[in-house]
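The analysis underlying the following values was restricted to heavy atoms, covering all of them including side chains, and did not include hydrogens, waters or symmetry mates.
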Amino acid sequence: MIDLRSDTGTLPTDEMREVMKNAVVGDDGRGTDPTVAKLEELSAEIFGKEAALFCNSGTMANIVAVLTHVKRGERIGIDPNSHIYSSETSIFMEDYFGRKAEFYRANSMGRPEMSDVRNLIERRQIQLLCFENTLGFYGGTCLTAEELADYCFEAQKHNIPVHLDGARIFNAAVHLNEKVSELTKSVDTVMYCLSKGLGAPVGSVLCGSKEFITQARKTRKALGGNMRQSGIVAAAGIIALQDADRLKDDHSHAQMLFKAIAHNPLIRINDASIQTNIIKIDISTSGMNLREFVNGLKKEGVLVKEVDGQHIRLVLHKDISTVHVGEAADSINRFLK
């Protein structure tokens with residue numbers, strides 16, 4: 001099977017396994033794991049922030065960020081299609097964390113409508129503003145540093161903090177040929193994933209000011225997120241950060257696969273959205289429902305993920321080679337024929 005459902009299923013490299021085996025560890029819950037400390041210091045340096053906090057997942061890191069920024073009952077400006085709203089739903093559930101969502105619209109490429117964002121800010125409807133980069137629901141499209149700075153400028157005029165879900169921020173940096181610190185310099189806090197395109201087995205990191213991360217560490221503990229000898233997995237994260245440039249291979253493979261299947265009249269793909277490692281496909285012209293389409297591709301040896309009622313996605317990652325791309329294209333075209 002060629003698994004194109006997500007980039008979360010990547011396997012650690014031999015180098016990662018070796019450093020994990022030999023990692024110097026301590027009790028991170030007590031702040032004594034030197035390998036975790038090294039990863040946090042490296043992350044803060046790369047992102048141009050004062051401090052960082054290692055978390056076991058992107059969901060944990062985003063929840064820690066939001067709960068540290070705002071109190072129960074306070075409101076968050078957010079895209080309803082964002083991962084924070086659609087997948088980290090406990091944030092907005094009254095029985096759990098009880099934060100409120102105020103939505104802004106986004107265009108077909110995922111760019112937030114400035115008029116909506118400004119309206120939420122100026123009417124004092126929100127206490128936190130959240131963005132995402134890359135924009136997963138929209139096919140891995142990217143926000144530029146300038147675009148993010150414009151939104152943040154409006155928020156900062158009213159002392160509203162901005163949190164960025166940067167799960168795939170390194171993909172955006174590679175596509176835009178920018179340093180991640182440039183892409184995130186205008187936001188107050190940012191989370192990034194080690195276990196997606198970067199290929200580490202576990203973990204995400206939250207970056208921000210020293211004061212914020214001190215409070216976030218308490219939030220993580222309250223959520224049961226303190227880990228012990230977590231330097232074992234943090235060691236793989238350090239290796240992953242050293243090889244971030246390889247993401248351009250995933251982007252190249254996405255372009256190859258897109259070009260090999262885009263001609264088919266039974267599907268529609270917005271070629272402008274193929275910026276990073278995700279291909280979003282509209283199957284509404286195929287005459288099949290989503291389940292028929294996904295199961296049909298599975299019989300051809302390709303696993304894909306449903307996005308909504310009429311879209312699937314293909315995600316390229318480090319364990320998908322050029323040969324796999326060719327085989328996947330052949331299988332998809334054979335199925336659609």
Measure the [atom1]-[atom2] distance between [X] and [Y] for me, rounded to the nearest 0.5 Å.
X: N333; Y: I261; atom1: CG; atom2: CD1; result: 7.0 Å
X: E300; Y: I2; atom1: CD; atom2: CD1; result: 11.0 Å
X: D150; Y: S186; atom1: CG; atom2: OG; result: 9.0 Å
X: I126; Y: R99; atom1: CD1; atom2: CZ; result: 15.5 Å
X: L120; Y: L128; atom1: CG; atom2: CG; result: 11.5 Å
X: E178; Y: L183; atom1: CD; atom2: CG; result: 5.5 Å

- Query: In the hydrophobic clustering that connects Ile, Leu, Val, Met, Phe, Trp and Tyr at side-chain heavy-atom distances below 4.5 Å, which members other than I278 occupy its cluster, ordered by chain and number?
  - Reply: V315
- Message: As a test of understanding, state which of D79, N107, N270 forms a side-chain hydrogen bond (donor to acceptor under 3.5 Å, both in side chains) with Y138.
- Response: D79
Counting only heavy atoms not in [X], do more than 12 sit closer than 6.0 Å to its [atom1] atom?
X: E94; atom1: CD; result: yes
X: F293; atom1: CZ; result: yes
X: E113; atom1: CD; result: yes

- Message: Ring-plane angle category for Y104 and F131, please: parallel below 30°, perpendicular beyond 60°, tilted otherwise.
- Response: tilted
Of all heavy-atom pairs between [X] and [Y], which one has the smallest distance, and what is that distance?
X: E132; Y: F137; result: OE2-N, 4.5 Å
X: L129; Y: A155; result: CD2-CB, 4.1 Å
X: A101; Y: I78; result: CB-CG2, 4.1 Å

Ignoring hydrogens and angles, tell me if any N or O in the side chain of [X] forms a donor-acceptor pair with the backbone of [Y] under 3.5 Å.
X: S284; Y: Q310; result: no
X: T32; Y: G26; result: no
X: R105; Y: S115; result: no
X: H324; Y: S321; result: yes
X: D116; Y: P112; result: no
X: Q125; Y: R75; result: no
X: T134; Y: C142; result: no
X: Q255; Y: I274; result: yes
X: D33; Y: G231; result: yes
X: R220; Y: A61; result: no

Listed pairs under 3.5 Å, donor-acceptor, residues 157-167 side chains, sequence neighbours left out:
from: K157; atom 1: NZ; to: E154; atom 2: OE1; distance (Å): 3.3
from: H163; atom 1: ND1; to: T189; atom 2: OG1; distance (Å): 2.8
from: H163; atom 1: NE2; to: N62; atom 2: OD1; distance (Å): 2.8
from: D165; atom 1: OD1; to: A167; atom 2: N; distance (Å): 3.1
from: D165; atom 1: OD2; to: N62; atom 2: ND2; distance (Å): 3.3

- Ignoring hydrogens and angles, state whether a donor on the side chain of Y96 or T89 is under 3.5 Å from an acceptor on the partner side chain. no
- Message: Assess, by modelled atom type and distance only, whether the side chains of H317 and N277 contain a donor and an acceptor separated by less than 3.5 Å.
- Response: no
- Item | Partner residues of K248 under the salt bridge (Lys or Arg N to Asp or Glu O under 4.0 Å) criterion, sequence neighbours left out | none
- Message: Would K298 pass as a cation-pi partner of F335, given that its NZ or CZ must be under 6.0 Å from the six-membered ring centre and within 45 degrees of the axis?
- Response: no
- Query: M256 versus T322: any side-chain heavy-atom pair under 4.5 Å?
  - Reply: yes
- Decide, yes or no, whether a salt bridge links K318 with D243 under the criterion of side-chain N to carboxylate O below 4.0 Å. no
